[in-house]
Novice: 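Have a look at this one before I ask anything.
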Protein chains: 2
Amino acid sequence: ASDPDMASAGETLAQHAKELGVQLESAEFAARMDALDPLRHLRREFHVPKIRDIQNTDATVADPEQDCVYFCGNSLGLQPVGTRGLIESELDKWARRGVQGHHDDSPRPWVTIEETVSTTMAAIVGGLPEEVVVMNTLTVNLHLLMVPFYRPTATRFKILIEARAFPSDYMAVVSQIKFHGFDPATALIEVGPRPGEHAINDDDIVSTIREQGDTIALVLLGALQYYTGQLFDMPRITKEGHAKGCVVGFDCAHAAGNVVLALHDWDVDFACWCSYKYLNSGPGALSGAFMHKKHAENKDLPRFSGWWGVDLAKRFAMENVYDIVPGVRGLQLSNPPMLETVAILGSLNVFQKTSMSQLRAKSLLLTGYLELLLNQLRAARTAGLNFHILTPANPQLRGCQLSVFFDGSVEIVHHELERRGLVCDLRKPNVLRFAPVPLYNSFSDVQRFVASLKSALEYTDAQIAADGLTIA
Amino acid sequence: ASDPDMASAGETLAQHAKELGVQLESAEFAARMDALDPLRHLRREFHVPKIRDIQNTDATVADPEQDCVYFCGNSLGLQPVGTRGLIESELDKWARRGVQGHHDDSPRPWVTIEETVSTTMAAIVGGLPEEVVVMNTLTVNLHLLMVPFYRPTATRFKILIEARAFPSDYMAVVSQIKFHGFDPATALIEVGPRPGEHAINDDDIVSTIREQGDTIALVLLGALQYYTGQLFDMPRITKEGHAKGCVVGFDCAHAAGNVVLALHDWDVDFACWCSYKYLNSGPGALSGAFMHKKHAENKDLPRFSGWWGVDLAKRFAMENVYDIVPGVRGLQLSNPPMLETVAILGSLNVFQKTSMSQLRAKSLLLTGYLELLLNQLRAARTAGLNFHILTPANPQLRGCQLSVFFDGSVEIVHHELERRGLVCDLRKPNVLRFAPVPLYNSFSDVQRFVASLKSALEYTDAQIAADGLTIA
Ligand SMILES: Cc1ncc(COP(=O)(O)O)c(C=O)c1O
Ligand SMILES: Cc1ncc(COP(=O)(O)O)c(C=O)c1O
């Protein structure tokens, strides 16, 4: 399934450079690309940190008054400018009205505050409005979804995950396996990359499903792998899992707001994701949960329940009748946290100014540009410390993030990047993750980033030589 | 167990009135009591809504510029004045530093932000610091605690709750019973009040435990009953439950921050509570969870796990080794929501200026005063609409809230109270709940409230007469 739009990022960029008569790696080229970017105005919707506020920066190599290059949206997205005002207006309401804010005539009475966000959130992940709810945090939702969707039996009890799954997902599935009286040693299947490779081949997941599917209760993958940046072939894996009678769920923490998802159309059984990464809703922000409509009326699915799963019309009758709405909204337990809910709204208001397909189109170019410049730099470095990109080269198999493996001294490189006002994160051993986010990053960010990386590497080489260190 | 401090609220008040030479029900008496109140300065720590901002008020009967009388802290506590600044400083940090706020040198790096609140919270409920954690919302924690603590077997599978339990607790236990394959019709025991009574006699809970305890897996009570305002004899019930081998847990939503709790000393197995009521942390605020230390090292207790249950020193090693810390902190799943966590801090900062025993001492007087005035009013009303207090008269069996049952027309009364700038809540059928909160309510609030209730009742009577309505 090759998509011409996806294959052509490099060509498009080269074409532009040629037409403009400038070098791909020049600041001028990047500035021209920014001028052409139809989403460039969205950067103004965010607080981009200044270099002076970033730790370990050095005014001799980076102007403190300049914006940092923030490539850490894969970890914590930037704050939308509108978020604070929304929070303040809710704080005002609480201060002025107390409990009456639950049922007042304001734009967002708290009693239904989650509705203002759940529907917009659904569009971002390709769910129907009734298939998505915003509630709790990610790992909490993962468990609440495993209550109905991990129902092991004596013969079908395994969970398939990817090797190096995010630790919280790992802890969650191990604890679920133990909870049900099974042994992770036999019940947990971890599919890893082939020897010498970093990304996991979708074929290997599929063949594991084909071979062991009769004993697999649940296939649960990080849709976009946090470490490698690899995007799994979600529709294919879902189909193969279903063919063997497995439930298929995805943790979309790194996929939501990053790539185009079609959870409903792909027939995914359930999914959950956080909103502090590409969804820019702040540290520990609320999570989204998706349950496919086809499961909504299935009364055999057990669930943990609370009063927020009761229909609004009956919720406050305070009659103890167990009557929970169908589908994912029936998994709601508690009245929603007001502050976190408006933080989500602050972010979704920005998403509503564009679409996931527009964002993805820019993202393909932006990450394609980063990849091009990194590969140029790598090729030019004939001596000293070097690196290679772990993330698949095929844009269909990744989102905006590139994970870069350094031959050594990654801490020094990371420190040198910080000195120059570049923010990215370090994953031991030896990996830096660079995530240019189409909502707020620019082509100039990418250009500046790679130019600074070049100088950071040179400085690191010099330091290693001076200290008599070896690279590894 | 009669406590002289508790029995004497009425006497103390009468004594004061006598010494001061003023009538108990006079505004002057209330003002003098306020002047004597050692906690009176704490009211300034809160935003008390003005009458102009309260709905359905009427400027002809209530001065819009005056504070309302807010007796709804049992539903949503008022906003501490310091909360907004704390939230803003975290928003600033996020805006200025992005992801670096997780590990920076600020007073509250996000990575350990929950620690700043969990320890203070422990003191409020009488838990050891390692027995309490602040996380998630109430019904979520109730389920996460039932994972280890409701372990039904073929012979011991029942859950004992109080009749008219809060609906969310009811939905939670019914869903847990079903999840484990049992039938609520046989597995759920609801102990109700005796005929003609409102409160549930602790003796009846105890005798049910003695009779059916061998089949009861879990005793789960709303420590302070939301509807009647009754406080159960938690140490006695815990002891009786344990004598029969039952697990004993409490939902302390209405007890935490209201009455003195000693969860550790009482040997309670687990508890959870919200912090939007007496803990003043805002709509949908985070919940506290308590697990007694004696269970901490019990490896047989299953649990749902996530990365936040891994020791901080190992959490970010990103190695998939299932190694969860003992006790309640091991039940943490997700990285904590920053906004909600500082909202808790804003509230706990106020609690740190006093103590639960000081608050309780004031509360006994304040609620005792309300009870006195209500009973005076009731006795004086020889015709027309009347009411009686549902909540036990014994102060040891209640917190600050009095639940008042009206003979009829409670909606009109409620509306009339609102017209006069009094905020309290209506629980159908026919109950208004009045909760004078010692942190921010005054004796003058109580005095004004009852004087206004008197006029509200007279007006309601007149309206009923004019409309030719009958009372019921
Ligand atoms: C006793 C009790 N239990 C449970 C709840 C539900 O809490 P939440 O919606 O925070 O889960 C409440 C809320 O008022 C309550 O009073
Ligand atoms: C893939 C993935 N799963 C789970 C988590 C844990 O999320 P939370 O702490 O919000 O539960 C993260 C956090 O970064 C993640 O990236």
Novice: Side chain, backbone, both or neither: which part of A:Ser281 has a non-hydrogen atom closer than 4.5 Å to chain B?
Specialist: backbone
Novice: Could you walk me through whether B:Glu418 and A:Gln100 pass side chain to side chain contact (heavy atoms under 4.5 Å, CB included), step by step?
Specialist: CA-CA 11 Å; B:Glu418 283 192 333; A:Gln100 294 189 346; 3.3 Å; yes
Novice: Indicate yes or no for a side-chain donor-acceptor contact from A:Asn320 to the backbone of B:Tyr170 under 3.5 Å, with no hydrogens or angles considered.
Specialist: no
Novice: Who wins among B:Ala285, B:Ala165, B:Pro337 for the most heavy-atom pairs under 4.5 Å with chain A?
Specialist: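 Result: the option with the highest number of such pairs is B:Pro337.
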Novice: Quick check for you: to the nearest 0.5 Å, what is the distance between B:Arg96 atom CZ and A:His47 atom NE2?
Specialist: 11.5 Å
Novice: Pick one of side chain, backbone, both or neither for B:Ala163, based on which atoms fall under 4.5 Å of a heavy atom in chain A.
Specialist: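 Neither the backbone nor the side chain of B:Ala163 comes within 4.5 Å of chain A.
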Novice: Are B:Asp169 and A:Trp307 packed together at the side-chain level, in the sense that at least one heavy-atom pair is separated by less than 4.5 angstrom?
Specialist: no
Novice: First locate atom NZ of A:Lys178, then atom NZ of B:Lys299, and finally report the distance between them rounded to the nearest 0.5 Å.
Specialist: 9.0 Å
Novice: Take the angle between the ring planes of A:Phe179 and B:Phe304 and call it parallel below 30°, perpendicular above 60°, tilted in between.
Specialist: perpendicular
Novice: State the CG-CE distance between A:Leu339 and B:Met338, to the nearest 0.5 angstrom.
Specialist: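 Answer rounded to 0.5 Å: 10.0 Å.
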Novice: Considering only heavy atoms and a distance below 4.5 Å, find which of B:Gly306, B:Pro336, B:Ser175, B:Ser75 pairs most often with chain A.
Specialist: B:Ser175
Novice: Is chain B contacted by the side chain of A:Tyr226, its backbone, both, or neither, given a heavy-atom distance below 4.5 Å?
Specialist: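 Contact with chain B: side chain only.
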Novice: In terms of heavy-atom proximity below 4.5 Å to chain B, should A:Lys428 be classed as side chain, backbone, both, or neither?
Specialist: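 No part of A:Lys428 comes within 4.5 Å of chain B.
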Novice: Which heavy atom of B:Ser305 sits nearest to which heavy atom of A:Thr139, and what is that distance?
Specialist: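 For B:Ser305 versus A:Thr139, the nearest heavy atoms are O-CG2, 4.0 Å.
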Novice: Considering non-hydrogen atoms only, spot the tightest contact between A:Ala95 and B:Gln79 and give its length.
Specialist: N-NE2, 3.3 Å
Novice: Compare every heavy atom of A:Gly98 with every heavy atom of B:Pro49, then report the nearest pair and how far apart it is.
Specialist: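 Nearest pair, atom of B:Pro49 first, then A:Gly98: CG-N, 4.1 Å.
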Novice: Under 6.0 Å from the six-membered ring centre of B:Phe166 and within 45° of its axis: does the NZ or CZ of A:Arg315 meet both?
Specialist: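 Verdict for B:Phe166: no cation-pi partner in A:Arg315.
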Novice: Quick check on A:Val140 against chain B: is it the side chain, the backbone, both or neither that has a heavy atom closer than 4.5 Å?
Specialist: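 Looking at A:Val140, backbone and side chain both touch chain B.
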Novice: Any side-chain heavy-atom pair from B:Ser168 and A:Trp308 closer than 4.5 angstrom?
Specialist: no
Novice: Need one label for A:Ala317: side chain, backbone, both or neither, based on atoms under 4.5 Å from any heavy atom in chain B.
Specialist: neither
Novice: Any heavy-atom pair between the side chains of B:Thr137 and A:Leu333 that's under 4.5 Å?
Specialist: no
Novice: Taking the side chain from B:Asp53 and the backbone from A:Arg97, do they hold a donor-acceptor pair closer than 3.5 Å?
Specialist: no
Novice: Restricting to non-hydrogen atoms, name the atom on B:Met171 and the atom on A:Ile324 that form the minimum distance, rounded to 0.1 Å.
Specialist: SD-CD1, 4.2 Å
Novice: For B:Asp104, does its backbone N or O pair with a side-chain atom of A:Gln55 as donor and acceptor, under 3.5 Å?
Specialist: no
Novice: Out of B:Arg52, B:Gln176, B:Lys50, B:Glu340, which one racks up the most heavy-atom pairs below 4.5 Å with chain A?
Specialist: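 Between B:Arg52, B:Gln176, B:Lys50, B:Glu340, the count favours B:Glu340.
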Novice: Nearest 0.5 Å, please: how far is CD1 in A:Ile87 from CZ in B:Arg84?
Specialist: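 Reported to 0.5 Å precision, the distance equals 10.5 Å.
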Novice: Under 4.5 Å between any side-chain heavy atoms of A:Pro283 and B:His102, yes or no?
Specialist: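 Yes, close enough: below the 4.5 Å cut-off.
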Novice: Let me know if A:Gln332 has heavy atoms under 4.5 Å from chain B in its side chain, its backbone, both or neither.
Specialist: neither
Novice: Look only at the side chain of B:Trp94 and the backbone of A:Gly77, and say whether a donor-acceptor pair between them is shorter than 3.5 Å.
Specialist: yes
Novice: Count the heavy-atom pairs under 4.5 Å between each of A:Lys93, A:Glu319, A:Glu88, A:Arg164 and chain B, then report the option with the highest count.
Specialist: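 The residue among A:Lys93, A:Glu319, A:Glu88, A:Arg164 with the greatest pair count is A:Glu88.
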Novice: Using 0.5 Å steps for rounding, measure from the OG atom of A:Ser334 to the CG atom of B:Asn136.
Specialist: 8.5 Å
Novice: Is chain B contacted by the side chain of A:Glu90, its backbone, both, or neither, given a heavy-atom distance below 4.5 Å?
Specialist: neither
Novice: Heavy-atom pairs under 4.5 Å with chain B are the metric here; pick the option from A:Pro302, A:Gly282, A:Pro167 that has the most.
Specialist: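 The candidate making the most pairs under 4.5 Å is A:Pro167.
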Novice: Please state whether the side chain, the backbone, both or neither of A:His180 comes within less than 4.5 Å of a heavy atom of chain B.
Specialist: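 Looking at A:His180, just its side chain touches chain B.
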Novice: At what distance, to the nearest 0.5 angstrom, does CD1 of B:Ile177 lie from OH of A:Tyr322?
Specialist: 10.5 Å
Novice: By a 4.5 Å heavy-atom criterion (distance strictly below it), what part of A:Val310 contacts chain B: side chain, backbone, both, or neither?
Specialist: side chain
Novice: Does any non-hydrogen side-chain atom of A:Val99 lie less than 4.5 Å from one of B:Tyr276?
Specialist: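 No. Closest side-chain heavy atoms not under 4.5 Å.
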Novice: Report which part of A:Asp92 has an atom under 4.5 Å of a heavy atom belonging to chain B: side chain, backbone, both, or neither.
Specialist: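 Both the backbone and the side chain of A:Asp92 come within 4.5 Å of chain B.
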